[in-house]
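Just so it is clear, the values below take in all heavy atoms, side chains as well, and ignore hydrogens, waters and symmetry mates. Naming: A, B, ... by sequence-line order, numbering from 1 per chain.
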There are 2 protein chains.
Amino acid sequence: MSAERRRPIAKKPASAYHHGRLREALIAAALRLIGGGEDVNLREAARLVGVSPGAPFRHFRDKAALLAAVAEETMRRFRHEVVTALGAAPSAPSSQIHAMAVAYLRFALGEPAYFRAFAQAGELGFFDSDFFKKENQETLDALDGLIVEGQQRGEVAPGDPRVVHLAARAFVYGLGRMYVEGHFARLGLGGESPLAVAEQALAVFERGLLRSEPSRPPGTSRRSAKDKLP
Amino acid sequence: MSAERRRPIAKKPASAYHHGRLREALIAAALRLIGGGEDVNLREAARLVGVSPGAPFRHFRDKAALLAAVAEETMRRFRHEVVTALGAAPSAPSSQIHAMAVAYLRFALGEPAYFRAFAQAGELGFFDSDFFKKENQETLDALDGLIVEGQQRGEVAPGDPRVVHLAARAFVYGLGRMYVEGHFARLGLGGESPLAVAEQALAVFERGLLRSEPSRPPGTSRRSAKDKLP
DNA sequence: CGTGGAAAGTAAGCGGTGATTACATTGGCA
DNA sequence: TGCCAATGTAATCACCGCTTACTTTCCACG
């Protein structure tokens, strides 16, 4: 039996019976549902695609698998945005970290459906899946490297790099979640551009995280300013 | 007969038929379920209390109402901890804000069940309920006041107080969520005391948020031009 | 060709869950 | 004492995740 049936990816429904690209259609439908604020509903997704309630199980072992697939797609988009942003930013660690944070916020606030999908799949075991580890490890490793290099240059707050890493991710993650949960509006910040607000908040955080100007006079910094910078 | 048989909070089951304090028992059961990591299950909660599946609906209109009640209880505990911490801390705005953040983190990391309940109820409309607004407004107002006063004293980062408020809450919220979602362990920080790690991360954030030494000369902040807001 | 086998979808149904409704039991109070 | 409101039960519905058995379609291979 041929394990590799190698069926060309049909662009349209292959027939009235066989959908032809049900898997992708289900992912898209799930994403629409997530974007609508509701939690994903397998039967409803099937309904949106015009297929029977049992059909999704031909492509996904269970609901979690569909959510994981959505999260994979989300992850790919996220990584693409991060990589693009890093390539366009100056190479100094502080600039790279800033660009990474902005890319994260742009992603979370610009496409809440994706961010929600991300968070939602994370509440299941997705973060422990092989795909996630492989796909995300490079980004996280890059952040780790930037933190360490930034610390050596005096651009980044000192301390355990893992803790600095944790602090940075907690901040952008919390900001994204607060946005999708409606806290921006609750704080009276609904009228303004969410991304602009988030970047201002990021600036508040960065004033401690990033120290790109070593011209600060000695004695004004609580911690030993070994600031030697270009 | 029992003078305390009147409808308020009975200390024991009033009879085999009437539970007597079913409402409180259901809240406790829901909290236990949340603490166990699972999401709340009305029938299971009823089962734990030893009552029929329909009984909870005598006390809660729907599942969301039970979660809201759990969140109310959580909120009361949270406020108590915050108030206590504020009373024990120095009166300087930076110290008060720090104490508030530590109390938040102690609450989120010390009793994950409560924090999860809080976040879970927040994903429904609980944050827009009258109780929440009334109960939480004072805490939020206190934080706003501390931020403004701290800014006047030069202890707190400048900028729109609402944005500073947002940044502070996003940080501790993100940290709490990352903890209950297992990211501490994923970052290799599982072995250490979570609260100690969180406080170190908080220090990273505070180095920008809190400026106990306002003697920094003008012009050293690379974003000084953007700090103009109402 | 044309045919067999696998992929992909359908139909039917199970168990669990939130929610509603009608009924039963209890205890306080006029 | 007898009424009545509060409280709990029983039965039931609709929906959802998931499984199983069956049907339809497509494709590789002789």
For A/Phe118 and A/Tyr173, I'd like to know if the aromatic rings sit close, meaning centre-to-centre distance below 6.0 Å. no

Rounded to whole Å, please give me the gap between CG in B/Asp39 and P in D/dC16. 16 Å

Regarding A/Arg169 and A/His165, do their side chains bring together a donor and an acceptor under 3.5 Å, going by distance alone? yes

Spacing of CG belonging to A/Leu42 relative to NZ belonging to A/Lys63, to within rounding of 0.5 Å: 7.5 Å

Could I get the full list of salt bridge (charged side-chain N to carboxylate O under 4.0 Å, His left out) partners for B/Arg79, not counting sequence neighbours? B/Glu135, B/Glu138

How would you label the contact of B/Arg47 with the nucleic acid (heavy atoms, under 4.0 Å): base, sugar-phosphate, or nothing? sugar-phosphate

Enumerate all atom pairs, one protein N or O and one N or O from nucleotides 18-20 of chain C, separated by less than 3.5 Å.
from	atom 1	to	atom 2	distance (Å)
C/dG18	OP1	B/Leu42	N	3.2
C/dG18	OP1	B/Lys63	NZ	3.4
C/dG18	OP2	B/Asn41	OD1	3.4
C/dG18	OP2	B/Leu42	N	3.1
C/dG18	OP2	B/Arg43	N	3.3
C/dG18	N7	B/Arg43	NH1	2.7
C/dG18	O6	B/Arg43	NH1	3.4
C/dA19	OP2	B/Lys63	N	2.7

Find the distance A/Glu38:CD to D/dC15:P and express it as a whole number of Å. 15 Å

Within this structure, what is the CZ-to-P distance between B/Arg58 and C/dT26, rounded to whole angstrom? 16 Å

Whole-Å distance between C/dG9 P and A/Phe60 CZ? 11 Å

In Å and rounded to the nearest 0.5 Å, what is the CD to CD distance from A/Glu199 to A/Glu206? 9.0 Å

I'd like to know if B/Arg77 pairs up with B/Glu81 as an ion pair, taking the criterion as any Lys NZ or Arg NE/NH1/NH2 lying under 4.0 Å from an Asp or Glu carboxylate oxygen. no

Does a nitrogen or oxygen in the side chain of B/His59 sit under 4.0 Å from OP1 or OP2 of D/dA6? no

A/Leu26 CG to D/dC18 P, in whole Å, measures 14 Å

